[in-house]
Amino acid sequence: MSEQALKQLFLAHPQEYLSGQQLAQDLGISRTAVWKQIQQLKNQGYQIHSHGKLGYRYEGTDHLDSVVIQANLANSADCEILTFASLNSTNDYAKQYLSQQPVTKPVVILADEQTAGHGRLGRSFYSPKTTGLYLSILLPVTANGSVIPGLLTTGTGMAVVKALQKVLPDLPLRLKWINDLVVHQRKCGGILTEASMI
């Protein structure tokens, strides 16, 4: 049984207890195997509450997880989501990924930290653990013009501002020079758009 299948079952039943017997039947494994998988998930930082009579209830996680992210998207997105505890740079990983295989749909790469994050002109971008969201999105540019490269930076900046204003309506967030996110005259985020002709 894969951990992914177990996580998907928990995410399909938010705030519900699922018995060991029910999980074993749904996954086609023994109750002992279910228990072992749950212990492994707990050791990885997933909060799963156990109740002797009711079973197990998933209560969340404190780290990035592609299965959890996909399950919580408002609209089912046809994209691949890759998550990492640490990368040197999500953009550098995106370039490496692109050099190894063709991209036919969006690929989202997220990391909890970047050890060598960078912005325009190779400037260093400080990206410590648990203090930000560091991601890159690989977009295939097709002949039908569904992606207009010249508008990507502006469009991404506006999308980020609108998304943050929904959850933080009192935050005086604005865009500066198209690619910098600024709050109280201080940069809190940046957008780096790069093209690759692989």
Side-chain angles (χ1 to χ4, degrees), residues 11 14 60-99 101-198:
L11 291 165
T61 181
D62 58 1
H63 66 273
L64 298 171
D65 182 288
S66 58
V67 175
V68 175
I69 292 168
Q70 194 73 260
N72 284 283
L73 291 176
N75 300 309
S76 180
D78 183 21
C79 65
E80 183 175 2
I81 299 174
L82 306 174
T83 57
F84 301 89
S86 180
L87 285 176
N88 61 345
S89 158
T90 58
N91 266 26
D92 289 349
Y93 184 89
K95 291 175 195 173
Q96 177 187 343
Y97 182 100
L98 186 60
S99 72
Q101 56 198 299
V103 173
T104 57
K105 61 182 180 180
V107 179
V108 182
I109 300 152
L110 301 104
D112 191 38
E113 76 166 340
Q114 296 182 117
T115 57
H118 56 86
R120 289 191 311 146
L121 307 176
R123 295 186 183 110
S124 176
F125 188 81
Y126 183 54
S127 333
K129 286 183 181 180
T130 66
T131 61
L133 183 60
Y134 315 112
L135 69 97
S136 294
I137 304 173
L138 271 171
L139 292 174
V141 178
T142 58
N144 66 12
S146 58
V147 174
I148 303 172
L151 297 178
L152 274 177
T153 303
T154 306
T156 302
M158 292 306 301
V160 170
V161 168
K162 286 183 178 182
L164 289 174
Q165 285 175 338
K166 282 185 179 180
V167 293
L168 300 165
D170 297 326
L171 189 70
L173 181 66
R174 65 183 182 87
L175 277 177
K176 178 182 177 184
W177 303 115
I178 301 176
N179 66 318
D180 287 342
L181 299 161
V182 177
V183 175
H184 299 300
Q185 310 303 317
R186 302 193 70 171
K187 181 176 176 178
C188 66
I191 299 158
L192 176 63
T193 306
E194 297 181 294
S196 180
M197 303 297 290
I198 295 176

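If you're wondering where the values come from, they're calculated on a predicted model, not measured in any experiment.
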Taking only distance into account, with no hydrogens and no angle test, what donor-acceptor pairs under 3.5 Å do side-chain atoms of residues 180-191 form with protein atoms, sequence neighbours excluded?
| from | atom 1 | to | atom 2 | distance (Å) |
| --- | --- | --- | --- | --- |
| D180 | OD1 | K187 | NZ | 3.2 |

Working to the nearest 0.5 angstrom, can you tell me the gap between I178 CD1 and M158 CE? 11.5 Å
Donor-acceptor pairs under 3.5 Å, side chain of residues 130-140 to any protein atom, not counting sequence neighbours: which ones?
| from | atom 1 | to | atom 2 | distance (Å) |
| --- | --- | --- | --- | --- |
| T131 | OG1 | P128 | O | 3.1 |
| T131 | OG1 | Y134 | OH | 3.3 |
| Y134 | OH | P128 | O | 3.0 |
| S136 | OG | T90 | OG1 | 2.7 |
| S136 | OG | N91 | N | 3.1 |
| S136 | OG | N91 | OD1 | 2.4 |

To the nearest 0.5 Å, what is the distance between OG (S66) and CG (L82)? 7.5 Å
Any side-chain heavy-atom pair from L110 and F84 closer than 4.5 angstrom? no
I'd like to know if K105 and D78 make a salt bridge, using a cut-off of under 4.0 Å between side-chain N and carboxylate O. yes
Can you check whether H118 reaches S124 side chain to side chain, under 4.5 Å on heavy atoms? no
Can you check whether F125's main-chain N or O pairs, donor with acceptor, with S127's side chain at less than 3.5 Å? yes
Q96 backbone acceptor or donor facing S99 side chain under 3.5 Å: yes
OG/S89 to CG/L192 distance, rounded to the nearest 0.5 angstrom? 8.0 Å
With rounding to the nearest 0.5 angstrom, report the CG to CD distance, L87 to E113. 9.0 Å
4.5 Å side-chain heavy-atom contact, L11 and V68: yes
Here the gap from E194 atom CD to L98 atom CG, rounded to the nearest 0.5 Å, amounts to 11.5 Å
Apply side-chain hydrogen bond (donor to acceptor under 3.5 Å, both in side chains) to the pair Y93 and Q114, showing each step before the final yes or no. CA-CA 11 Å; Y93 184 89; Q114 296 182 117; over 6 Å; no
Enumerate, atom names and distances included, each donor-acceptor pair closer than 3.5 Å involving a side-chain atom of residues 163-174, sequence neighbours excluded.
none

Where is the tightest heavy-atom contact between C79 and Q70, given as atom of each residue plus distance? O-NE2, 3.7 Å
